[in-house]
Amino acid sequence: MKQGIPEIDKERCKGCGLCIANCPKNILEMANDINSFGAYYTICSDESQCIACGACSLMCPDAAIEIILKREVG
Amino acid sequence: MKQGIPEIDKERCKGCGLCIANCPKNILEMANDINSFGAYYTICSDESQCIACGACSLMCPDAAIEIILKREVG
Amino acid sequence: MTEYKLMKGNEAMAEAALIAGCRYYYAYPITPQNEVVAYMAKNMPRVNGTFIQAESELAAASMVMGSAASGGRAMTSSSSPGITLKQESISYMAGAELPCVIANIMRGGPGLGGIAGAQGDYFQATRGGGHGDYRTIVLAPDNAQELADFTVEAFDLADEYRTPVIILADGYLGQMSEPVVLPKPTGKTFEKPWAVTGAKDRKQNIIVSLLLHPENVLELHNLHLQEKYERITQKIRRYETYKTEDADWLLAAYGTSARIAQKAVDKLREDGIKAGLFRPTCLWPFPDRELAECASHCTRLLTVEMSHGQMVEDVKLAVNGAIEVDFYGRAGGALPTVKDIIARIKNYEHSEFTHVQAS
Amino acid sequence: MTEYKLMKGNEAMAEAALIAGCRYYYAYPITPQNEVVAYMAKNMPRVNGTFIQAESELAAASMVMGSAASGGRAMTSSSSPGITLKQESISYMAGAELPCVIANIMRGGPGLGGIAGAQGDYFQATRGGGHGDYRTIVLAPDNAQELADFTVEAFDLADEYRTPVIILADGYLGQMSEPVVLPKPTGKTFEKPWAVTGAKDRKQNIIVSLLLHPENVLELHNLHLQEKYERITQKIRRYETYKTEDADWLLAAYGTSARIAQKAVDKLREDGIKAGLFRPTCLWPFPDRELAECASHCTRLLTVEMSHGQMVEDVKLAVNGAIEVDFYGRAGGALPTVKDIIARIKNYEHSEFTHVQAS
Amino acid sequence: MNYPTEEIIIAGFGGQGILLAGRLLCVAAMRQGRQVSHIPSYGAEMRGGTANCSVVLSAERIASPVIDMATAVIALNGPSVAKFEPRVRPGGILIWNSSLCKKILPERTDIQSIAIPATELSLTEGTERAANMAAIGALMALKPKLMTENHFSAALDEVVSERNRRYNPVNLRIMQAGYEAALAIIKKN
Amino acid sequence: MNYPTEEIIIAGFGGQGILLAGRLLCVAAMRQGRQVSHIPSYGAEMRGGTANCSVVLSAERIASPVIDMATAVIALNGPSVAKFEPRVRPGGILIWNSSLCKKILPERTDIQSIAIPATELSLTEGTERAANMAAIGALMALKPKLMTENHFSAALDEVVSERNRRYNPVNLRIMQAGYEAALAIIKKN
Amino acid sequence: MSTQNLHMYRRPEALLNVRTHYCAGCGHGIIHKLFAEALGELNIREETIVVAPVGCSVLLYNYINVDGLEAAHGRTPAVATGVKRAQPNRIVVSYQGDGDLLAIGTGETLHAANRGENITVIFVNNANYGMTGGQMAPTTLVDQRTLTSPKGRNPQETGYPIRACELLSTLEAPAYIERVSLHNPGAVKKTKKAIVKALQYQKEGRGYSFVEILSMCPTNWGIEPAAGADWIKTSMVPWFPHKVFRDRPAEAAAAGGKAS
Amino acid sequence: MSTQNLHMYRRPEALLNVRTHYCAGCGHGIIHKLFAEALGELNIREETIVVAPVGCSVLLYNYINVDGLEAAHGRTPAVATGVKRAQPNRIVVSYQGDGDLLAIGTGETLHAANRGENITVIFVNNANYGMTGGQMAPTTLVDQRTLTSPKGRNPQETGYPIRACELLSTLEAPAYIERVSLHNPGAVKKTKKAIVKALQYQKEGRGYSFVEILSMCPTNWGIEPAAGADWIKTSMVPWFPHKVFRDRPAEAAAAGGKAS
Ligand SMILES: Cc1ncc(C[n+]2csc(CCOP(=O)(O)OP(=O)(O)O)c2C)c(N)n1
Ligand SMILES: Cc1ncc(C[n+]2csc(CCOP(=O)(O)OP(=O)(O)O)c2C)c(N)n1
Ligand code: SF4
Ligand code: SF4
Ligand code: SF4
Ligand code: SF4
Ligand code: SF4
Ligand code: SF4
Ligand SMILES: [Mg+2]
Ligand SMILES: [Mg+2]
């Protein structure tokens, strides 16, 4: 299983929730806070569970999520 | 075989020749004369051969040909 | 008092059209007149009328032509870019003498421009943006009440003169809500023996636009139209004046510009400058004689528009050199301001005094 | 002498466009300008240019917009009803400051009208049949030679001022064959750093029409356009005069009307009436100062048009009440006649003499 | 007439009842015989979920519905504070929703800034949708000449759709809470 | 200049080379330094197979290409006689194709009507398409100032497409025949 | 036994007693005649309103004795829509050429069909713009020479001829779509039947009916008038096959059945 | 053994660093992103010219770092044609909404496709007019409520939703026609592939390519932003099935092969 880190640009997020609805691991949620545009934004509750599937990033209309893949190099 | 009379309104005829080209009996031809609009017009060379098929009338763009069907009544 | 309703200009106009017996409304959405389309979509069924959201403005105006030719009271509305696309049908309907009502809730241009209100389509409406020698009656309301009242009148005028009537209002008037007392139907009826309804027990009715044969038919038809336009010009003289009796300075404006100019008149008078306002409520035919008369005892005239100078030509043609005509306008959705009007007039007053000619 | 070719006005214009470097021509057929379309269909391949018979006039003008935005020299042509459909793109291109040439070989209107030549689209061309505050340069040839020459100039003017240029000629000019010496290319070149050609090694080029944010951008853009129009108005002053130096009676006319008016001037002079002709060869900007100057020593002015009175407004605005302006026009494809012009002038002369005011 | 012209901008995000609040003010004033105008922001500006409207109430004919500098601004979220604070006339009023403006705070000192926890006041009645009512209550406290509560409640019945009219008692209570919150602040100062 | 303005209408049916005849006159006159104009009938008028054109030849600038009353009309078929005979100026010339106008005959007595069997003359050279040439020959006989034969034959080479230029000698012969036929008639009268 | 004479083919009453402006051998004339016959057979002349297009048939109402009006070029079905909506009990016919219907009027054509307007469209496909002297139409055949395709239509540059029936058949609403032609007497008979059926369907309120007719324009095809019929057969029919593309009973239309 | 971090999904370079004006959850944003990614993958950003429509995406060029211009409503493919003809070596993209493409621009859409213009059309089908506040579009579903179909679209009055791909597939010239959607991450991936393919085909000069994308407009659908993807799947996909309607190799296109 791949291991990833979702990097969410909170200022770019509009809080639509499409990433949340599409994360297979259910690790995304809406923060209880707003960004400087007045929008609630998404945060990841448990990065360790991220499988780097990219679903959140694919669905994000505001290109607010980048996924970093952690790779073992030997 | 039906027997018909093609009644050609020479003033209405524009001399296009569509009737002539489509008469199965080849009895229509262009007159060597023009009507008052300056157009050559169609005449029937042998009415007795007309089978009242209506082809000439159907094809005529100027509705210049009416077909009269001769019928035996007893 | 309780009759007053707070209504958007767009909705007041739409409801007034229904009151006037409009039963065929065709349009294509565009800001800032979308409320008319939505209102008709919702309310036409109430009166068993027809609403179609057409595939384009061209089609919408053509549908109006079809229903008008059938004898129905038909209407379309749009805003500037959409009205440009309706010029084809307007030219056709003017030529074919078909009555209908077209509302232009103007926005800033040219091109896609913006969605804020403007008055940049005065030329298009009064000179005919379409081709050929035709005119349309152009009514110019300046509030929601007039949007409603003029709409009811527009249908009667259209039928009376067999000609398209344009309601020309800026987007602010369409978007703004104001108290409105809905007008009553006028009760006037118009026979339309020329309508195409099927040639039963009579000769064909034909509504043509092409006039080729014999060669002078088109000219005769044009002369007939001109004669009608002359008749309209004699009959329709619509305008309002505000404190013009003793005015030295005359302002001329219509629509939202006129509201602002009226306020400026009051302020100027507070400052001791005798100003007055001439507000045409019909732009074609333009009340030229009346404006000239009004201007005859003024020393100067300032036309205020939400454009870079269109009605000002009619103002100049009206006064025909008798007094100087100045212009102040803002375009692209911006509004003239009371402050600017006052400053401009005071500036002139000053420069006159010091014998400096303002350019 | 041997350079003369007998060419149809339409074809002279088409060939001149090719000479001017026009490589993109899009149009939709319509009488009486079909020869332009056919000529381009046949000859564009010769110069490796693009010809598309578009699906409509709207599409044709939009294709022009695309090629103009790409930096190409693009043109379209049509006749009155088709030009009405091009108003959308004209308004867009004027707003987006795209250079292009649009020829209107006018026919009688309104509506489908007729196919004989007319001048009923003067308002549309000079006031903008589209929406918003824009203007286009409008050149007015009166023979096949000028149709060719003005077309070459039109492309330069369009590029110089980044604006659509209209060639406004009546159907008679388009259909008539006359001797023509084909013009030479001017050799002028214009840089177009604004063209959309791919954002390589530079910032994006964007050609916009919508100007919403910030709120005053559209107004600033409009002010920029007005400033440009003012510049054009100062620079372009085109007209011809014929025997005006000592004229008492001034005729004003353009296009085919001007040819007829010129003949009338000669005949009137034969009869001892000092007549002269003022012929604007550009209708916007209109040579108003020059006309006023010319008219300053005349006692009366007669405008002759193939319409029911359109240019006459510019004539009136030019003289601004200084002298009386009369009008004689025929519309719908009919031509003014030398006889009528003379009769009308003599009639005035007579009525002046007997102190009867003609209406 | 002793009724000053009021030029009021109301702003927030979609769903906060911005336009309704504006129409309410208009209808209430209209029923008191005032001239009124109401104009919404419209079109592409709506994208992104913000909304605002301009309300003019006057004893005289209203020249323009568009407001340059407002006598009062109601800002129901942070971005609205940022956008419209500069448009309050010196000496004018800014009522802002302190429940939602955590980051963007008013800065001007030449105006009267009134922080009302409008959303919280609304939530006390179990809804977050009536913050607009709380803000209008505050406005009535600050502009006592604007309208009477009677006129306001009548207007509420007129403007609110039949379906939602049953919430009007709740609306009035929230309005009252906003009114009192504002009064408290004024008194403190 | 001692060159009268000629206003000539040529009419017939499609295929008779009506427009070509007009252009020929123009080019020949143009090469002699005349002002010329040529305008065809166009558009829907063409339907039904008739065609006509108006040619003006003048020493001076031509005001209008449209002819009200013609100095000469060439009518190559019956309907053209009917349509254009009334448009000949009193004292003017009507050249009509007697080969094809069997029913519709000219009636006016205030003009010079010249019957030329143009189609027959053309047929003597094996084509019926050069009736136009015969008629122009007749016109040259009646209007000797119009142009020289030299100019005419040069114009023929200029106007006729390369493909058809080989027929020009034939064309000239037919023109000559028309010229002579007209001369004979004039002399007879 | 005696003989009694019977008019078998006679000039339909609805045709006005005037000479048309059409060229000799023009298909519009045949179609007018068939249309007039159909009006007589269905006895609907007095309730029919025809919308004429801009094209050679612009003067249609001068030849057929029905109420008529003239649309702007291409707007014909939109104008017909306006007429029909105002007069749902009248028979409304939109008569159009290929330039009118498939070029400038593409949008109007498609959307009237898609709305299922209860009108009849008679579409005269003569593979060129007749009225303006023979320019390329959307239906001009590959390699066909016209004023604006002087070397023949090149599909690489201008695409292939558009097939209206096939296009409209992708829509759900139309009730009847058929392509017929005038290439011989038998075909003319079928064309008549199609026109009658289309009008009949309209009368029955089944919705949109569309008859495409391959028609001759000898003048602009540059052939002898008598050769027009053959040209249709050899040049047009292979690309524009005869077919009933849609024939939906009223019930199915009301139920919104899928495309056939 | 250590870990090395790798950017797997990253914001494409061609996207400008600005916040869009789109509503939260708007499909235009996703499509912009995919388009920008495709530009990067094919390395064509610098040679691409985009024609923006009138619609919510009118400011497209503010978000993607390419040359751009704005067409009048519906004229987008005609403007793109003018651009492409003047610059045959540039990649020209016509980005359009359903109102733009299938209502006012019906004619321009059909004829650009029929000419086989070597351009790419990205068609954003969100079943309504987004920019003007949610009116009925040609693609609005049966029973869908909009401002101008307040009781739901009634097919008896306004017809059925038009299927653009099916319509264009009746034409010969197009090289590539596919319908994709945004209803879940897998679908988004396919959409990206379709966009890349379309641009690739243009680059190779194969001719007209058309990608229809079912896209969410939660604002005017009146649903929560996060529910947009589901609505596409349950409401739109049944009527607008995913499919490759045309995929023609360049050779076949040159030979003028028949429609698939
Ligand atoms: C807006 C506009 N554009 C162009 C024309 C010129 N025009 C008249 S008829 C026609 C095309 C006719 O072709 P078609 O529709 O195929 O009819 P046909 O004459 O072949 O029967 C055109 C382009 C016009 N009248 N109006
Ligand atoms: C000629 C013209 N008509 C109408 C409009 C108004 N208008 C702007 S966008 C639009 C429709 C947008 O819908 P769509 O194309 O589906 O794009 P979306 O916003 O849904 O992405 C309309 C009708 C206009 N700008 N110009
Ligand atoms: S990459 Fe996949 S698992 Fe990780 S947060 Fe995004 S959707 Fe969830
Ligand atoms: S999809 Fe993007 S914009 Fe939407 S909530 Fe997630 S990060 Fe924010
Ligand atoms: S009816 Fe038939 S047989 Fe008789 S003339 Fe006509 S085509 Fe010939
Ligand atoms: S078909 Fe008609 S018009 Fe043609 S030649 Fe025969 S009778 Fe005459
Ligand atoms: S040009 Fe063609 S379509 Fe028009 S009348 Fe002549 S033959 Fe018929
Ligand atoms: S209205 Fe719809 S299409 Fe437009 S930005 Fe909002 S969600 Fe997107
Ligand atoms: Mg055709
Ligand atoms: Mg959409």
Side-chain angles (χ1 to χ4, degrees), chain G residues 74-75 77-78 81 85 99-118 136-140 142-143 153-175 205-208 239 245 250 253-259, chain H residues 74-75 77-78 81 85 99-118 136-140 142-143 153-175 205-208 239 245 250 253-259:
Chain G
R75 316 294 165 226
T81 296
R85 294 296 180 115
D100 195 75
L101 187 134
L102 271 182
I104 192 169
T106 307
E108 287 77 4
T109 293
L110 203 93
H111 286 272
N114 192 57
R115 281 191 306 271
E117 288 296 336
N118 190 23
M136 197 182 86
T139 54
T140 290
V142 169
D143 291 337
R153 180 175 189 164
N154 176 355
Q156 293 313 304
E157 278 172 19
T158 56
Y160 291 84
I162 300 180
R163 299 181 178 108
C165 291
E166 284 80 343
L167 198 72
L168 297 182
S169 298
T170 63
L171 305 175
E172 298 298 311
R206 299 198 194 198
Y208 186 82
W239 184 264
F245 292 85
K258 294 260 166 181
Chain H
R75 316 293 164 226
T81 296
R85 294 296 181 116
D100 196 76
L101 187 134
L102 272 182
I104 192 168
T106 307
E108 287 77 5
T109 294
L110 203 94
H111 286 273
N114 192 57
R115 282 191 306 271
E117 288 297 336
N118 190 23
M136 197 184 85
T139 55
T140 291
V142 169
D143 291 337
R153 181 177 188 161
N154 176 356
Q156 293 314 305
E157 278 171 19
T158 57
Y160 291 84
I162 299 181
R163 299 180 177 110
C165 291
E166 283 80 343
L167 198 72
L168 296 181
S169 298
T170 64
L171 305 174
E172 298 298 310
R206 298 197 195 199
Y208 186 82
W239 185 264
F245 291 85
K258 293 262 166 181

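Every value quoted in this text rests on a predicted model; they were computed, and no experiment measured them.
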Taking side chain as everything from C-beta outward and backbone as N, CA, C, O, which of these in H:L167 sits under 4.5 Å from a heavy atom of chain G? Side chain, backbone, both or neither.
both
Checking H:L102 against chain G: side chain, backbone, both or neither under 4.5 Å from a heavy atom?
backbone
Which atoms of G:E108 are under 4.5 Å from chain H, going by heavy atoms: the side chain, the backbone, both sets, or neither?
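Neither part, no heavy atoms under 4.5 Å.
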Looking at residues at least two apart in the chain, or sitting in another chain, which of them share a salt bridge (Lys or Arg N to Asp or Glu O under 4.0 Å) with G:R85?
G:E117
With rounding to the nearest 0.5 angstrom, report the OH to CZ distance, H:Y160 to G:R115.
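Reported value, rounded in 0.5 Å steps: 15.5 Å.
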Is it true that a side-chain atom of G:N114 and a backbone atom of H:I162 form a donor plus acceptor pair closer than 3.5 Å?
no
Applying side chain to side chain donor-acceptor pair (under 3.5 Å), name anything that partners G:T106, two or more places apart in sequence or on another chain.
H:H111
Looking at G:P161, G:A103, G:G105, which makes the most heavy-atom pairs under 4.5 Å with chain H?
G:A103
